[in-house]
Asks: 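My questions all concern the structure below.
What's counted below: heavy atoms across the whole structure, side chains too, no hydrogens, waters or symmetry copies.
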Amino acid sequence: CYDAPRIGPGDLVLDVGAQIGCFTLRAARRGATVIALEPEPSNHALLRRNVALNGFGNVTLLQKAASSTPSLRALSLSPVNPGIHSLKFQVGAESLTVETLTLDGLAEQLRLREIAVLKIDVEGEELEVLKGARKLLPGVRELILEVDGGDAEFREVAAFLSGFGFDTRLGAWRIAHATRPPGGDRS
């Protein structure tokens with residue numbers, strides 16, 4: 001499960017690809033307001049159940065995916081691992097149609113400005129999610145994202161984020177952390 005030790009009461013967190021809610025619950029337990037996106041119905045049901053079992057009223061759940069454009073897309077379903085369903089990669093023989101939104105559109109709709117942490121775990125769709133968040137990114141303090149693929153994909157994501165003043169580092173398990181240096185540009 002991802003960790004973001006700087007999350008605290010009053011922070012706003014976006015969890016894109018929330019699956020069953022490990023990160024969502026961790027952020028909510030720290031007093032953050034969380035908006036969690038999970039398109040796959042079984043995962044979303046478990047996410048909803050986990051939030052309810054913990055009694056969190058500071059979590060908003062959306063059964064949608066994020067990408068660079070709002071549309072209907074085929075989500076490929078893994079028959080063995082419910083954590084690797086993908087809009088980009090074919091991970092199984094079955095798929096289902098899901099609604100995608102852009103984070104910019106969501107931010108406009110909900111009037112979101114300052115985001116403490118944007119967590120993205122979308123099985124290869126990372127850059128597309130970021131492209132749909134161009135207006136939102138200047139208001140993001142920190143990103144945590146799993147970068148699927150290889151070094152070329154990481155370099156592409158890091159280059160994109162550098163245009164918004166982020167320094168992106170790749171850690172274990174292809175988990176990238178992007179932060180701005182003190183006094184860093186938020187363009």
Asks: Between Asp15 and Asp121, is the side chain to side chain contact (heavy atoms under 4.5 Å, CB included) condition met? List the steps.
Replies: CA-CA 8 Å; Asp15 187 354; Asp121 183 352; over 6 Å; no
Asks: Run the numbers on Val59 and Leu61 for side chain to side chain contact (heavy atoms under 4.5 Å, CB included), then give the verdict.
Replies: CA-CA 6 Å; Val59 177; Leu61 303 175; 3.6 Å; yes
Asks: Check for a donor-acceptor pair, side chain of Arg30 on one end and backbone N or O of Ala27 on the other, with a separation under 3.5 Å.
Replies: no
Asks: Tell me the closest heavy-atom pair linking Ala66 and Leu103, and the distance in Å.
Replies: CB-CD2, 4.2 Å
Asks: What verdict does the side chain to side chain contact (heavy atoms under 4.5 Å, CB included) test give for Val34 and Thr60, after you've listed the backbone C-alpha separation in whole Å, the side-chain angles of each residue and the deciding distance to 0.1 Å?
Replies: CA-CA 6 Å; Val34 182; Thr60 300; over 6 Å; no
Asks: When rounded to the nearest 0.5 angstrom, what is the spacing between CD in Glu94 and OG in Ser78?
Replies: 10.5 Å
Asks: At what distance, to the nearest 0.5 angstrom, does CD1 of Ile115 lie from CG of Asp11?
Replies: 10.0 Å
Asks: Could you check if a side-chain atom of Val122 sits within less than 4.5 angstrom of a side-chain atom of Val16, using non-hydrogen atoms only?
Replies: yes
Asks: Same hydrophobic cluster for Val129 and Leu170, using side-chain heavy-atom links shorter than 4.5 Å among ILVMFWY?
Replies: yes
Asks: Of the non-hydrogen atoms in Arg73 and Thr100, which two are nearest, and what is the gap between them?
Replies: CG-CG2, 3.5 Å
Asks: Does Arg169, at its CZ atom, have more than 12 non-hydrogen atoms belonging to other residues, nucleotides or ligands within less than 6.0 Å?
Replies: no
Asks: Return yes if some donor-acceptor pair links the side-chain N/O of Asn58 with the main-chain N/O of Ala28 below 3.5 Å, else return no.
Replies: yes
Asks: Are Ile7 and Ile175 joined in one hydrophobic group, where the rule is that I, L, V, M, F, W and Y side chains link up if heavy atoms are under 4.5 Å apart?
Replies: yes
Asks: I'd like to know if the side chain of Arg174 and the backbone of Gly150 have a donor-acceptor N/O pair within less than 3.5 Å.
Replies: yes
Asks: I'd like to know if Glu142 pairs up with Lys119 as an ion pair, taking the criterion as any Lys NZ or Arg NE/NH1/NH2 lying under 4.0 Å from an Asp or Glu carboxylate oxygen.
Replies: no
Asks: Any heavy-atom pair between the side chains of Phe154 and Asp148 that's under 4.5 Å?
Replies: no
Asks: For a quick test of reading the model, state the closest non-hydrogen atom pair linking Gly92 to Pro79 and the distance between them.
Replies: CA-CD, 3.9 Å
Asks: So, do Leu101 and Ser67 sit near enough that their side-chain heavy atoms are less than 4.5 Å apart?
Replies: no
Asks: Not counting sequence neighbours, which residues clear ring-ring contact (aromatic ring centres under 6.0 Å, His included) with Phe160? List them please.
Replies: Phe164
Asks: Supply the atom-to-atom distance Leu75 CG to Glu99 CD, rounded to the nearest 0.5 angstrom.
Replies: 13.5 Å
Asks: Is there a side-chain contact between Phe23 and Ile144, using heavy atoms and a 4.5 Å cut-off?
Replies: yes
Asks: Go through the steps to decide whether Arg6 and Arg141 satisfy the test side chain to side chain contact (heavy atoms under 4.5 Å, CB included), and finish with yes or no.
Replies: CA-CA 10 Å; Arg6 294 176 24 188; Arg141 182 176 75 203; 3.1 Å; yes
Asks: Show the nearest heavy-atom pair for residues Leu47 and Gln19, with the distance to one decimal.
Replies: CB-O, 3.4 Å
Asks: Can you list every side-chain hydrogen bond (donor to acceptor under 3.5 Å, both in side chains) pair that touches residues 101-113, not counting sequence neighbours?
Replies: none
Asks: Of Thr24, Leu106, Val13, which meets side chain to side chain contact (heavy atoms under 4.5 Å, CB included) against Ile35?
Replies: Leu106
Asks: Please check: side-chain N/O of Glu40 versus main-chain N/O of Ser42, any donor-acceptor pairing under 3.5 Å?
Replies: yes
Asks: Strictly by disulfide (SG to SG under 2.5 Å), give each pair with a member in residues 9-53 just once, sequence neighbours left out.
Replies: Cys1-Cys22
Asks: Tell me which one of Val117, Leu136, Val140, Leu143 satisfies side chain to side chain contact (heavy atoms under 4.5 Å, CB included) with Leu14.
Replies: Leu136
Asks: Out of curiosity, Leu130 CG to Glu125 CD, how far, rounded to the nearest 0.5 Å?
Replies: 10.5 Å
Asks: Distance check, rounded to the nearest 0.5 Å: Leu161 atom CG versus Leu127 atom CG?
Replies: 8.5 Å
Asks: Would you indicate whether the side-chain heavy atoms of Leu112 and Leu12 approach each other to under 4.5 Å?
Replies: yes
Asks: Between Asn50 (side chain) and Ile20 (backbone), is there a donor-acceptor pair under 3.5 Å?
Replies: yes
Asks: Within this structure, what is the OG-CD distance for the pair Ser68 and Glu128, rounded to the nearest 0.5 Å?
Replies: 4.0 Å
Asks: Tell me the closest heavy-atom pair linking Lys131 and Arg134, and the distance in Å.
Replies: O-NH1, 3.2 Å
Asks: Please report the shortest heavy-atom distance between Glu126 and Glu146, naming the atom on each side.
Replies: OE2-O, 2.8 Å
